[in-house]
Asks: 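Got a structure here, written out as structure tokens. Questions coming.
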Amino acid sequence: QSARAESNLANLLLSVGRLDDARKAADEARTLAKAAGAGVVEAYGELVLGECALLQEKLDDARSWLAAARDRFASMHNTSE
């Protein structure tokens, strides 16, 4: 539950442009999700990290995070999200 809360917080922070805080929340969400075996939440954390990197014009980082999210979603057969 706390992993999902951190993931939601990361998304909210991203939406208001607080990219550094969004990255921290996404990292925390990924850590908690990994420990809980919550792959979807972990993938959403990677997605937020990719979006943050894209907005900061860190294109190599963005590609890496977005590819990781895509691969994680695909491994769970969850590519519609």
Side-chain angles (χ1 to χ4, degrees):
Q1 191 70 325
S2 58
R4 186 170 302 277
E6 282 296 320
S7 179
N8 291 340
L9 176 60
N11 279 311
L12 288 171
L13 291 166
L14 175 64
S15 72
V16 296
R18 291 178 52 187
L19 302 181
D20 290 336
D21 293 332
R23 275 198 330 268
K24 289 175 188 171
D27 276 332
E28 181 65 14
R30 287 180 59 244
T31 298
L32 294 169
K34 187 172 186 171
V40 170
V41 178
E42 193 173 352
Y44 275 115
E46 292 164 344
L47 185 62
V48 169
L49 289 167
E51 290 174 349
C52 287
L54 185 62
L55 290 170
Q56 293 178 319
E57 299 181 12
K58 297 177 181 178
L59 300 183
D60 289 338
D61 289 345
R63 279 187 198 97
S64 179
W65 283 119
L66 294 173
R70 179 202 59 219
D71 293 347
R72 191 173 308 280
F73 281 126
S75 75
M76 295 178 288
H77 306 290
N78 187 357
T79 56
S80 65
E81 299 186 58

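We count residues from 1, following the sequence as given. The basis for the numbers below is simple: all heavy atoms, side chains too, and nothing from hydrogens, waters or symmetry mates.
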Asks: Less than 4.5 Å apart, any side-chain heavy atom of Gln56 and any of Arg23?
Replies: yes
Asks: For Ala43 versus Met76, what's the shortest heavy-atom pair and its separation?
Replies: CB-CE, 4.5 Å
Asks: Is any side-chain heavy atom of Val48 closer than 4.5 Å to one of Trp65?
Replies: no
Asks: If every non-hydrogen atom of Leu54 is compared with every non-hydrogen atom of Ala62, which pair is closest and at what distance?
Replies: N-CB, 3.6 Å
Asks: Can you find a pair of side-chain heavy atoms, one from Leu14 and one from Leu55, that are under 4.5 Å apart?
Replies: yes
Asks: Measuring from atom OH of Tyr44 to atom CZ of Arg4, what distance do you get when rounded to the nearest 0.5 angstrom?
Replies: 8.5 Å
Asks: So how far is it from Thr31 OG1 to Glu6 CD, rounded to the nearest 0.5 Å?
Replies: 9.5 Å
Asks: Dump the intermediate steps for side chain to side chain contact (heavy atoms under 4.5 Å, CB included) on Glu51 and Glu46, then the final yes or no.
Replies: CA-CA 9 Å; Glu51 290 174 349; Glu46 292 164 344; over 6 Å; no
Asks: Is Lys58 salt-bridged to Asp61, cutoff N-O under 4.0 Å?
Replies: no
Asks: Looking at Asp20, Leu13, Leu47, Leu19, which hits side chain to side chain contact (heavy atoms under 4.5 Å, CB included) with Cys52?
Replies: Leu19
Asks: Nearest 0.5 angstrom please: Glu28 CD to Ser7 OG, how far?
Replies: 12.0 Å
Asks: Which heavy atom in Gly45 sits nearest to a heavy atom in Ala26, and how many Å separate them?
Replies: O-CB, 3.7 Å
Asks: State whether Lys24 and Asp27 are salt-bridged, where the test is any N-O pair (Lys NZ or Arg NE/NH1/NH2 against Asp/Glu carboxylate O) under 4.0 Å.
Replies: no
Asks: List the atom of Ala33, the atom of Ala3, and the distance in Å for their closest heavy-atom pair.
Replies: N-CB, 3.6 Å
